[in-house]
Amino acid sequence: MLPIDLKGKKAFIAGIGDDQGYGWAIAKALAEAGAEILIGTWTPLVKIFTTSWSAGKFDESRKLSNGNLMEYTKLYALDAAYDKPSDVPQEIKENKRYADAGGYTISEVVDAVEKDFGNVDIFIHALANAPEVKKPLLETSRAGYLAAMSASSYSFVSLVAQFGRIMNAGGAALSLTYLASERVIPGYGGGMSSAKAALESDTRTLAWEAGRKWNLRVNVISAGPLRSRAARAIGSDANKSVNFIDTMIDYSKVNAPLKEKDLEAEEVGYSAAFLCSPLASAISGVTLYVDNGLHAMGLAVDSQAFAPAFSG
Ligand code: NAD
């Protein structure tokens with residue numbers, strides 16, 4: 001048997017706010033492989049997440065294959081849009097969901113992790129945000145576009161730059177992207193497609209720089225559509241007739257090479273565990289598609305224009 005063995009490794013997963021998203025699925029897969037889990041949760045969600053966890057709301061999703069429940073060693077409040085305390089605007093500092101948190105900027109979180117644990121082996125970036133995601137690019141403001149880039153792309157650069165110095169040699173950093181970076185996906189707006197394109201390009205450059213500087217590997221998974229909280233927030237078209245994420249899931253099931261197969265979050269989790277494990281020790285700078293093969297398609301086989309030639 002060829003195992004994914006992460007026993008003795010510490011993994012920091014940034015971007016877990018509930019049990020519905022890719023960050024959760026990756027944490028679970030890493031825990032299944034034996035890694036110790038540290039979590040970074042967006043500051044405004046810390047209270048609801050920890051309360052729900054303590055109340056047992058995630059117990060069903062926490063179940064591992066050996067019957068144990070996934071545990072985390074420590075959770076850090078994190079706002080990845082800010083690198084250091086002086087970056088935080090006054091109104092955010094005073095916001096009631098931030099006021100009690102303290103220490104949630106990237107440099108403060110990494111310093112705290114270093115103080116608490118010394119080093120980590122794996123860093124996962126499972127977060128994105130675009131305030132104008134519902135707007136087409138043509139209607140996106142400069143502020144909205146830059147906010148998407150800041151929270152969704154530069155956050156990865158900054159987190160790798162900060163975590164790099166406390167990551168053990170041979171460690172791995174991983175983020176999540178979406179096909180809209182390289183193909184047009186109408187509805188994925190507000191600069192999010194641009195942010196994902198930057199994230200993929202930065203993955204290659206960071207693989208080179210962090211590889212040479214700290215002997216780290218840096219990769220990105222291009223995941224297929226999942227009904228996460230963030231994806232649900234993309235919403236519907238202007239007529240409210242087409243829900244973005246449900247349409248993407250339906251489209252993928254009909255048009256992907258792996259036909260009529262749901263994409264499970266755990267399939268992304270397992271791929272992440274592999275990429276972060278010693279089994280992937282020669283893989284760096286790649287975009288790995290975990291999307292039932294949809295990225296390979298050049299046309300939609302369910303288009304009326306092709307019926308019935310490709311219906312099989
Ligand atoms: P999710 O809602 O589970 O995760 C997004 C997380 O980002 C949330 O917990 C949110 O609180 C956090 N976040 C937002 N702004 C933040 C900030 N400034 N600082 C810290 N955390 C912040 O949704 P998800 O869809 O699983 O998203 C995880 C990653 O997967 C994202 O990068 C997303 O773009 C990517 N992805 C999602 C899909 C999909 O269909 N759901 C497809 C491909 C890629």
Side-chain angles (χ1 to χ4, degrees), residues 12-18 21-23 38-52 74-116 123-166 173 175-178 188-199 201-202 206 228-235:
F12 185 99
I13 299 109
I16 299 184
D18 57 28
Y22 280 132
L38 311 175
I39 293 179
T41 294
W42 193 34
T43 313
L45 295 185
V46 168
K47 198 158 177 213
I48 174 88
F49 180 79
T50 51
T51 311
S52 302
K74 188 156 179 180
L75 181 146
Y76 297 82
L78 169 71
D79 195 321
Y82 309 118
D83 299 317
K84 50 187 189 311
S86 57
D87 295 343
V88 184
Q90 198 56 30
E91 81 256 28
I92 295 288
K93 279 187 190 148
E94 289 167 7
N95 181 303
K96 68 174 171 17
R97 294 190 298 171
Y98 283 79
D100 299 334
Y104 47 78
T105 68
I106 289 175
S107 57
E108 292 171 290
V109 169
V110 176
D111 284 348
V113 173
E114 183 180 24
K115 190 159 162 273
D116 294 338
F123 164 62
I124 308 290
H125 178 282
L127 63 94
N129 195 18
E132 297 182 16
V133 69
K134 294 180 183 175
K135 291 188 184 167
L137 195 54
L138 273 177
E139 291 167 24
T140 298
S141 70
R142 183 182 298 269
Y145 183 95
L146 293 177
M149 299 292 285
S150 169
S152 314
S153 324
Y154 185 75
S155 57
F156 186 59
V157 176
S158 178
L159 278 155
V160 170
Q162 298 282 340
F163 266 115
R165 67 181 174 78
I166 67 158
S175 68
L176 288 147
T177 185
Y178 182 49
Y188 195 75
M192 269 312 298
S193 55
S194 328
K196 291 305 192 190
L199 188 65
S201 175
D202 294 343
L206 292 172
S228 64
R229 179 197 286 239
R232 291 197 308 273
I234 299 173

Rounding to 0.5 Å, atoms CG (L206) and OG (S201) come to a distance of 9.0 Å

Distance from L146 atom CG to T140 atom OG1, nearest 0.5 Å? 11.0 Å

Report yes if some heavy atom in the side chain of V160 is under 4.5 Å from a heavy atom in the side chain of S175; otherwise report no. no

Closest approach of P131 and A148, non-hydrogen atoms and distance? CD-N, 4.4 Å

So how far is it from I234 CD1 to M192 CE, rounded to the nearest 0.5 Å? 7.5 Å

Just wondering, do T50 and L75 contact through their side chains at under 4.5 Å, heavy atoms? yes

Classify the ring geometry between F123 and F163 as parallel (under 30°), tilted (30 to 60°) or perpendicular (over 60°). parallel

Determine whether W42 and D79 make a side-chain contact, defined as any pair of heavy atoms from C-beta on separated by less than 4.5 Å. yes

Distance-only, no hydrogens or angles: does the K196 side chain make a donor-acceptor pair with backbone N or O of L176 under 3.5 Å? yes

Measure the CG-OH distance between L127 and Y22 for me, rounded to the nearest 0.5 Å. 15.5 Å

Partners of Y104 by ring-ring contact (aromatic ring centres under 6.0 Å, His included), sequence neighbours excluded? Y98

From F49 CZ over to D18 CG, what is the distance, rounded to the nearest 0.5 angstrom? 8.0 Å

Indicate the atoms forming the closest heavy-atom contact of E132 with G144, along with that distance. OE2-CA, 3.5 Å

